[in-house]
Amino acid sequence: MAIVTPPNITAPTEPHVYQGKQVIINGNRLLFNAKDDDILLYSNTYLGFSTNGSIHFDTGDTEKDCFFVINSPDIYLGLDGNEYPTEPGVLGDKNEEWLNKLVTQLKEVCKILDTSYSHTGDRGGSTTAKPAFQGVSATLDELLNTLPEIKSKHVYIKT
């Protein structure tokens with residue numbers, strides 16, 4: 001998998017710096033309300049939202065037909081100073097599948113060491129690794145059973 005190098009952070013030119021034709025709507029409070037249809041915003045280069053407080057996007061309160069969709073080839077969440085983040089997201093199903101295989105293989109190794117492996121101890125008697133692996137199998141079973149819980153039930157990403 002190729003590592004994606006994020007672009008330099010760029011943003012729209014601020015209104016007081018911009019040199020060209022622009023429309024400024026300025027007021028103490030602005031409200032745009034579409035009673036029977038949609039509100040559509042389009043831009044050729046950037047669409048910037050900026051506030052000294054919070055930005056809220058709310059959908060309906062039922063899970064059916066209420067989505068927040070971001071359609072973009074790359075999505076960056078948060079900034080690292082003035083840089084885009086570089087830590088990749090994890091695919092939940094793929095991660096669960098990989099961890100499931102890993103824990104299952106660890107269980108197999110523990111089972112072999114617990115039941116088949118023996119060696120001569122320092123006093124000449126035969127000994128097994130059994131004391132070292134007591135409880136490990138139960139812990140690995142618990143990990144396998146809780147793997148589905150590490151996935152979000154509300155956030156989905158494209159593979």
Side-chain angles (χ1 to χ4, degrees), residues 1-114 133 135-159:
M1 172 184 275
I3 297 175
V4 176
T5 304
N8 293 327
I9 292 180
T10 55
T13 305
E14 295 183 26
H16 68 282
V17 176
Y18 181 76
Q19 298 294 312
K21 297 177 182 178
Q22 64 181 328
V23 174
I24 297 175
I25 300 173
N26 192 358
N28 290 337
R29 181 177 176 140
L30 302 176
L31 173 66
F32 298 92
N33 186 30
K35 290 183 179 187
D36 296 322
D37 210 326
D38 306 319
I39 295 175
L40 307 170
L41 302 172
Y42 296 97
S43 173
N44 188 45
T45 311
Y46 298 104
L47 183 59
F49 294 95
S50 180
T51 179
N52 288 328
S54 300
I55 295 177
H56 298 250
F57 292 97
D58 299 317
T59 66
D61 58 1
T62 63
E63 291 185 28
K64 186 178 190 292
D65 297 326
C66 294
F67 306 102
F68 184 82
V69 178
I70 299 171
N71 184 17
S72 174
D74 295 310
I75 297 171
Y76 299 94
L77 300 175
L79 294 176
D80 186 8
N82 287 330
E83 301 290 327
Y84 286 109
T86 56
E87 183 70 24
V90 175
L91 300 174
D93 289 337
K94 301 275 187 210
N95 190 38
E96 180 184 8
E97 181 182 323
W98 187 89
L99 287 170
N100 197 332
K101 287 177 183 177
L102 175 65
V103 173
T104 300
Q105 289 302 307
L106 285 173
K107 282 185 61 167
E108 287 300 313
V109 169
C110 289
K111 182 178 175 184
I112 290 167
L113 291 174
D114 190 29
F133 292 102
V136 172
S137 183
T139 300
L140 291 173
D141 283 336
E142 182 182 330
L143 285 174
L144 281 173
N145 291 333
T146 59
L147 279 178
E149 296 173 16
I150 66 173
K151 297 187 302 186
S152 173
K153 294 181 180 29
H154 299 285
V155 177
Y156 301 90
I157 59 177
K158 180 180 179 251
T159 60

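Treat the numbers as computed from the prediction; the structure is a model and nothing was measured. Side chains included, hydrogens not; waters and symmetry mates left out as well; all remaining heavy atoms used.
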Query raised in the report: Which pairs count as salt bridge (Lys or Arg N to Asp or Glu O under 4.0 Å) when at least one residue sits in residues 85-107, sequence neighbours excluded?
Result: D93-K151, E96-K151, E97-K101, K107-D141
Query raised in the report: More than 12 foreign heavy atoms under 6.0 Å from CD of E142: is that the case here?
Result: no
Query raised in the report: Looking at residues at least two apart in the chain, or sitting in another chain, which of them share a side-chain contact (heavy atoms from CB on, under 4.5 Å) with L77?
Result: I75
Query raised in the report: Hey, does I150 have a side-chain heavy atom less than 4.5 Å from the side chain of L99?
Result: yes
Requested in this report: Decide yes or no for C66 and D61: does some side-chain heavy atom of the first lie under 4.5 Å from some side-chain heavy atom of the second?
Outcome: no
Query raised in the report: How about V103 and N100: do any of their side-chain heavy atoms sit closer than 4.5 Å?
Result: no
Show which side-chain atoms of residues 46-59 pair as donor or acceptor with protein atoms under 3.5 Å away, not counting sequence neighbours.
from, atom 1, to, atom 2, distance (Å)
Y46, OH, T10, OG1, 2.8
T51, OG1, G53, N, 3.0

**Report entry** Residue pairs, two or more places apart or on separate chains, that pass side chain to side chain donor-acceptor pair (under 3.5 Å) and touch residues 29-45
**Finding:** none
**Report entry** Set of residues satisfying side-chain hydrogen bond (donor to acceptor under 3.5 Å, both in side chains) with respect to T13, sequence neighbours excluded
**Finding:** none
Query - I24 side, atom CD1; Y18 side, atom OH - distance, nearest 0.5 Å - result: 11.0 Å
**Report entry** Heavy-atom closest pair, residues D65 and F67
**Finding:** CA-CE1, 3.6 Å
**Report entry** For P148 against L144, the heavy-atom pair lying closest together
**Finding:** CD-O, 3.9 Å
Query - Non-neighbouring partners of N95 that pass side-chain hydrogen bond (donor to acceptor under 3.5 Å, both in side chains), sequence neighbours left out - result: none
Query raised in the report: In Å and rounded to the nearest 0.5 Å, what is the CG to OH distance from D74 to Y76?
Result: 4.5 Å
**Report entry** Flag if over 12 foreign heavy atoms under 6.0 Å of CD1, I25
**Finding:** no
**Report entry** Exercise: identify the closest heavy-atom pair between V136 and C110
**Finding:** CG1-SG, 3.5 Å
